[in-house]
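Data first, discussion second: the structure below is written as structure tokens.
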Amino acid sequence: MNSLEGKRIIVAGGGGAQGRVGAALFAQHGAQVIIADASAEAAASAAAEVAAAGGAAIGLAADVGSRESWDELVATAKREFGGLDGLVNYAAVLSRAGAVETEDEIWERTLHINLTGAWYGVRAVIPAMLEAGKGSIVNIGSVDGLVGRGGGTAYQATKGGVRLLTKSVATEYAARGIRANSVHPGPMQARMAMVVGPKADPTATAALEARLTAQVPMGRLGQPIDIAYAVRYLLSDEASFVTGVDLAIDGGLTAQ
Ligand SMILES: NC(=O)c1ccc[n+]([C@@H]2O[C@H](COP(=O)([O-])OP(=O)(O)OC[C@H]3O[C@@H](n4cnc5c(N)ncnc54)[C@H](O)[C@@H]3O)[C@@H](O)[C@H]2O)c1
């Protein structure tokens with residue numbers, strides 16, 4: 001249970017459904033974590049959960065779409081933990097509109113948080129990881145970034161971008177000790193909280209879950225811990241020869 005002993009990790013979007021489960025698992029495996037989220041309350045409660053379980057966590061309000069936020073996160077890791085070895089970026093918003101229906105504002109906001117935010121994160125942590133001599137970056141994409149699934153045009157474009165952003169960083173920094181991989185969840189039990197643009201009809205949730213479940217060869221939706229286990233591995237030194245991978249955790253959805 002100590003595969004992340006000594007690691008100092010920023011978990012962006014760590015107040016969300018998946019991020020808080022991931023942060024708890026990483027801390028359980030010995031990491032010190034900074035849980036950053038647009039919701040200060042969510043970041044604080046996720047950090048409190050880790051602390052209550054005996055782990056080391058700091059909760060901070062942060063906007064992944066802000067360069068200043070990233071600078072503050074990296075400075076906090078250096079000040080409080082003495083450096084930085086890992087970044088997991090779970091932060092994202094969902095937009096469901098199709099190619100013609102997507103409004104400019106929704107396109108810009110989705111790209112800014114999901115893709116520009118991922119780049120800001122990478123740009124901010126690399127110098128600190130070079131100082132530490134090594135580092136592992138894990139960006140959370142989606143099966144929507146691996147295959148076309150119709151609708152959600154802006155979201156799909158950002159998740160596809162995150163996949164190649166990660167591969168680009170992986171190849172650029174492979175010889176300098178920094179690994180970068182992306183993890184792509186399939187349909188999850190917990191629906192994403194922040195939806196930009198038209199919201200889904202809550203009464204349609206059960207029907208949506210049934211439709212999504214039917215798409216998954218394993219016949220079930222994903223759980224946050226399914227994703228967290230993969231991320232934990234990629235953060236650890238067990239994955240020291242793994243970089244540039246895009247790992248689908250999707251019950252076989254994209255194997256079809
Ligand atoms: N839930 C799903 O069905 C699903 C499926 C595939 C992929 N994903 C991906 O998994 C990741 C985690 O999603 P989740 O299921 O935990 O959803 P979630 O909505 O519970 O968590 C996302 C978190 O990101 C935070 N966030 C949003 N904008 C931010 C910003 N500008 N700065 C900082 N934090 C911000 C939110 O406050 C939230 O806590 C996302 O990247 C998502 O795209 C989710």
Side-chain angles (χ1 to χ4, degrees), residues 10-25 34-47 49 59-70 72-73 87-96 106 108-121 124 138-147 149 151-152 154-163 165-166 182-196 199-200 205 208-209 211-213 215-216 220-228 230-231 246-251 253-254:
I10 294 173
V11 184
Q18 291 181 48
R20 63 177 54 229
V21 170
L25 182 74
I34 292 177
I35 298 176
D37 202 284
S39 160
E41 202 185 327
S45 72
E49 281 170 26
L60 283 180
D63 174 6
V64 295
S66 150
R67 183 176 193 151
E68 291 72 29
S69 272
W70 281 109
E72 193 191 331
L73 291 173
L87 164 67
V88 190
N89 190 4
Y90 285 96
V93 293
L94 178 65
S95 55
R96 293 201 178 89
I106 290 175
E108 298 296 344
R109 175 137 190 256
T110 309
L111 252 77
H112 189 70
I113 294 174
N114 295 8
L115 184 54
T116 306
W119 169 52
Y120 280 1
V138 183
N139 285 319
I140 307 301
S142 167
V143 290
D144 281 356
L146 300 178
V147 292
R149 304 213 317 131
Y155 182 76
Q156 288 224 261
T158 63
K159 292 300 186 177
V162 163
R163 173 174 172 263
L165 165 72
T166 310
S182 56
V183 168
H184 301 272
M188 303 293 291
Q189 188 83 52
R191 311 304 318 141
M192 287 183 67
M194 289 175 73
V195 181
V196 296
K199 306 268 185 296
T205 302
L208 174 67
E209 286 206 352
R211 188 169 58 76
L212 291 172
T213 304
Q215 295 172 3
V216 180
R220 74 164 173 93
L221 299 175
Q223 299 294 337
I225 196 70
D226 294 322
I227 311 307
V231 177
D246 43 9
L247 180 58
I249 308 284
D250 66 354
L253 179 81
T254 54

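Quick caveat: nothing in here was measured; it's all calculated off a predicted structure. Every number for a ligand or one of its atoms is a count from 1 in the order of the listing.
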Taking [atom] as the reference point, the nearest protein heavy atom with its distance:
atom                    : answer
atom 24 (O) of ligand 1 : A91 CA, 3.5 Å
atom 5 (C) of ligand 1  : G186 O, 3.4 Å
atom 1 (N) of ligand 1  : A190 O, 2.9 Å
atom 28 (N) of ligand 1 : I113 CG2, 3.7 Å
atom 17 (O) of ligand 1 : M192 CG, 3.5 Å
atom 9 (C) of ligand 1  : G141 O, 3.6 Å
atom 14 (P) of ligand 1 : Q18 NE2, 3.8 Å
atom 4 (C) of ligand 1  : M188 CG, 3.6 Å

Please list, in number order, the atoms of ligand 1 under 4.0 Å from a heavy atom of [X].
X   : value
A17 : 16 (O), 20 (O)
D63 : 30 (C), 31 (N), 32 (N)
G15 : 39 (O)

With a 4.5 Å heavy-atom cut-off, do [X] and [Y] have their side chains touching?
X    : Y    : value
I227 : V183 : yes
L208 : L212 : yes
I140 : V231 : yes

Roughly how far, to the nearest 0.5 Å, is [atom2] of [Y] from [atom1] of [X]?
X    : Y    : atom1 : atom2 : answer
D37  : S45  : CG    : OG    : 9.0 Å
H184 : L247 : NE2   : CG    : 8.0 Å
L221 : D250 : CG    : CG    : 12.0 Å
R20  : Y90  : CZ    : OH    : 12.0 Å
D226 : M188 : CG    : CE    : 6.5 Å
R163 : L165 : CZ    : CG    : 12.0 Å

Using a plain distance cutoff, I'd like to know if [X] has any nitrogen or oxygen under 3.5 Å from a nitrogen or oxygen of ligand 1.
X    : answer
G19  : no
V64  : yes
G13  : no
S142 : no
G65  : no
S39  : no

> How close do N89 and A12 get, heavy atom to heavy atom, and via which atoms?
Replying inline: OD1-CB, 3.5 Å
> Nearest heavy-atom pair of Y155 and S142: which atoms, and what distance?
Replying inline: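 Residues Y155 and S142, closest heavy atoms: OH-CB, 3.8 Å.
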>> Atom CD of residue position E41 - does it have more than 12 heavy atoms of other residues, nucleotides or ligands inside 6.0 Å?
In response: no
Identity of the nearest option to [atom], non-hydrogen atoms only, from [options]:
atom                    : options              : answer
atom 35 (C) of ligand 1 : P187, A38, A42       : A38
atom 8 (N) of ligand 1  : Y155, Y120, Y90      : Y155
atom 33 (C) of ligand 1 : P185, A62, A92, G145 : A62

> For residues R109 and S95, is any side-chain donor paired with an opposing acceptor at under 3.5 Å?
Replying inline: no
> Can D144 and R149 be said to form a salt bridge (Lys or Arg N to Asp or Glu O under 4.0 Å), step by step?
Replying inline: CA-CA 6 Å; D144 281 356; R149 304 213 317 131; 2.6 Å; yes
> So which bit of I140 gets within less than 4.0 Å of ligand 1, heavy atoms only: side chain, backbone, both or neither?
Replying inline: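 Under 4.0 Å from ligand 1, I140 contributes backbone and side-chain atoms.
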> Which one holds for K159 and ligand 1: side chain close, backbone close, both close, or neither close, with close meaning a heavy atom under 4.0 Å?
Replying inline: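 The answer is the side chain.
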> Non-hydrogen atoms of G117 versus ligand 1: any pair closer than 4.0 Å?
Replying inline: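 No, that is not the case, since the closest heavy atom of the residue is not under 4.0 Å from the ligand.
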